Amino acid sequence: MAVTRKSCVSPASVPASIPIVVPAPIVVPAPTVVPAPVLGDSGIPKTTENVWKNRGHGGVKQKQGHSSDKCRKLAKKEQEPVKPKEDVIPDAPQVYMKRKGRFFLSRLMIISTWNIRGLNDPSKQQEIRAFLLHHKVDLVGILETRVRIWVAWRSSRVHLEVIGVYDQLLWCLVKNNGVVFYLAVIYGLNSREGRLRLWGLLDNLIGCSSVPCLLMGDFNVTLFDEERVSSHDVDRANVKDFRSCCASTGLVDLPHTGLTFTWCNKQDGLDRTWCKLDRVMGKAAWFQNFGVTANFLGPGTSYHSPALLNLESVVGKKYGSFKFLNGWLQDPQVFGVIKDSWKGDFKETKMSQLVSKLKTVKRHLQSYYRSHFSNISNRVILAREALMQVQGELNLHPRDDSLIE
């Protein structure tokens with residue numbers, strides 16, 4: 001696993017001149033003709049006579065130790081054409097593929113960041129090693145007070161290039177199986193003046209970038225009021241600065257599970273404070289190109305929770321765009337479906353709650369549409385046939401009022 005440290009990044013040396021070597025002409029040997037094997041009556045090459053013995057079962061040669069029925073099956077299986085594997089998409093990452101609806105999610109890599117103090121402690125080194133092996137992490141950012149930021153990755157799985165080194169972040173370009181995105185491993189300072197420099201730097205780096213950008217790490221500030229539980233007052237100026245940066249750059253929290261509060265000072269009584277300081281953020285392009293879910297796990301011996309991001313790429317055919325039909329409003333039950341879907345309990349940030357609610361409404365409306373409005377043409381044909389049948393019976397029994405009802 002390759003390791004990059006902020007203090008040891010140097011440009012690569014390029015040779016001044018490269019000699020040009022003209023290769024000698026290549027002599028192509030004449031092709032060797034291999035004679036085709038002579039087949040016996042059962043379709044088996046005669047060169048295998050020493051292994052197969054003729055037992056007189058319809059000309060099928062029987063292998064030593066096998067019954068005649070099994071030999072027939074083996075001979076039939078050898079003659080069958082090899083079927084291609086199903087659900088395999090060419091030119092796609094072949095790490096693993098799982099089907100979801102009408103498209104595939106192909107796992108690209110697992111990324112993690114963790115703020116853990118005191119890396120000189122052997123027990124914490126052992127904890128980090130066990131964490132990386134257990135979750136099969138491909139790229140990790142380690143945050144430490146003295147070292148600030150470490151970045152390590154599996155060179156066999158990930159190609160990473162450090163583009164910029166700053167006091168509060170490492171700006172990297174990540175490539176994997178044709179997927180390219182920027183990664184910012186962040187460790188924000190504990191002062192407003194220092195974080196103002198960070199917000200300005202992020203605005204310059206990703207404000208006009210068309211390439212997907214991923215931000216992970218310790219921002220050292222909360223974004224919403226409900227992300228802090230403490231007996232001390234919140235500095236509203238810090239929160240306002242962070243919100244302004246997110247509005248100008250288009251950054252939002254990626255979908256996440258696990259712990260809500262990612263930092264605790266582990267003190268007793270009223271002095272204990274819970275905050276969400278560690279985040280996984282991205283621009284809107286992440287929701288279009290990737291299937292991402294961040295998970296904040298238990299902090300263990302650290303004060304911070306590690307963030308684990310399972311990055312998946314959408315491969316194959318996607319769902320079509322969702323369209324709300326005005327004809328649905330003629331059904332009074334549609335309003336009840338929307339109202340019940342919107343009342344769900346979503347323990348996320350405000351922006352993530354809005355996204356989750358819209359997705360829930362969309363899913364419930366699609367299910368309601370399939371059960372009540374799908375196959376309209378067939379339903380019209382069946383209704384017309386039923387009407388014609390009733391009208392025919394009514395013609396035979398004009399005074400049967402039950403047919404009219």
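Predicted model, so just to flag it, every value in this text is computed and none were measured.
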Side-chain ([X]) to main-chain ([Y]) donor-acceptor, under 3.5 angstrom:
{"X": "Asn176", "Y": "Arg157", "result": "yes"}
{"X": "Ser302", "Y": "Asn115", "result": "yes"}
{"X": "Gln389", "Y": "Glu385", "result": "no"}
{"X": "Arg195", "Y": "Leu189", "result": "yes"}
{"X": "His135", "Y": "Leu133", "result": "no"}
{"X": "Arg129", "Y": "Lys124", "result": "no"}
{"X": "Thr113", "Y": "Met216", "result": "no"}
{"X": "Ser341", "Y": "His364", "result": "no"}
{"X": "Ser367", "Y": "Arg363", "result": "no"}
{"X": "Glu144", "Y": "Ile116", "result": "no"}

Find the distance between [atom1] ([X]) and [atom2] ([Y]) and round it off to the nearest 0.5 Å.
{"X": "Leu297", "Y": "Thr257", "atom1": "CG", "atom2": "OG1", "value": "8.0 Å"}
{"X": "Tyr187", "Y": "Gln168", "atom1": "OH", "atom2": "CD", "value": "10.5 Å"}
{"X": "Asn220", "Y": "Leu277", "atom1": "CG", "atom2": "CG", "value": "6.0 Å"}
{"X": "Ile111", "Y": "Leu308", "atom1": "CD1", "atom2": "CG", "value": "10.0 Å"}
{"X": "Leu223", "Y": "Arg243", "atom1": "CG", "atom2": "CZ", "value": "6.0 Å"}

Smallest separation among heavy atoms of [X] and [Y], with atom names:
{"X": "Ser112", "Y": "Val137", "result": "CB-CG1, 4.0 Å"}
{"X": "Tyr303", "Y": "Cys264", "result": "CD2-O, 3.1 Å"}
{"X": "Pro306", "Y": "Phe131", "result": "CB-CZ, 3.9 Å"}
{"X": "Phe296", "Y": "Arg279", "result": "CZ-CA, 4.1 Å"}
{"X": "Phe261", "Y": "Glu226", "result": "CE2-O, 3.7 Å"}
{"X": "Val185", "Y": "Ile149", "result": "O-CD1, 3.5 Å"}

Between [Y] and [X], is there a side-chain donor-acceptor contact under 3.5 Å, judged purely by atom types and distance?
{"X": "Asn265", "Y": "Arg272", "value": "no"}
{"X": "Gln267", "Y": "Thr273", "value": "no"}
{"X": "His304", "Y": "Thr262", "value": "no"}

Near [X] [atom1], under 6.0 Å, is it more than 12 heavy atoms from other residues, nucleotides or ligands?
{"X": "Leu270", "atom1": "CG", "result": "no"}
{"X": "Lys266", "atom1": "NZ", "result": "yes"}
{"X": "His134", "atom1": "NE2", "result": "no"}
{"X": "Trp199", "atom1": "CH2", "result": "yes"}

Arg117: partners by salt bridge (charged side-chain N to carboxylate O under 4.0 Å, His left out), with sequence neighbours left out: none
Test ring pair (Phe, Tyr, Trp, His ring centres under 6.0 Å) applied to Tyr166 and Trp171, step by step: CA-CA 8 Å; Tyr166 307 93; Trp171 184 248; 8.3 Å; no
Residues in ring-ring contact (aromatic ring centres under 6.0 Å, His included) contact with Phe219, at least two apart in sequence or another chain: Phe242
Stepwise side-chain contact (heavy atoms from CB on, under 4.5 Å) check, Leu254 with Leu214: CA-CA 9 Å; Leu254 269 61; Leu214 175 65; 4.1 Å; yes
Contact list for residues 196-215, test salt bridge (Lys or Arg N to Asp or Glu O under 4.0 Å), sequence neighbours left out: Asp167-Arg197
Test item: Trp342 and Val361 side chains (from C-beta on) under 4.5 Å apart, heavy atoms: yes
Lys/Arg-Asp/Glu bridge criterion (N-O < 4.0 Å) met for Lys240, Asp235: no
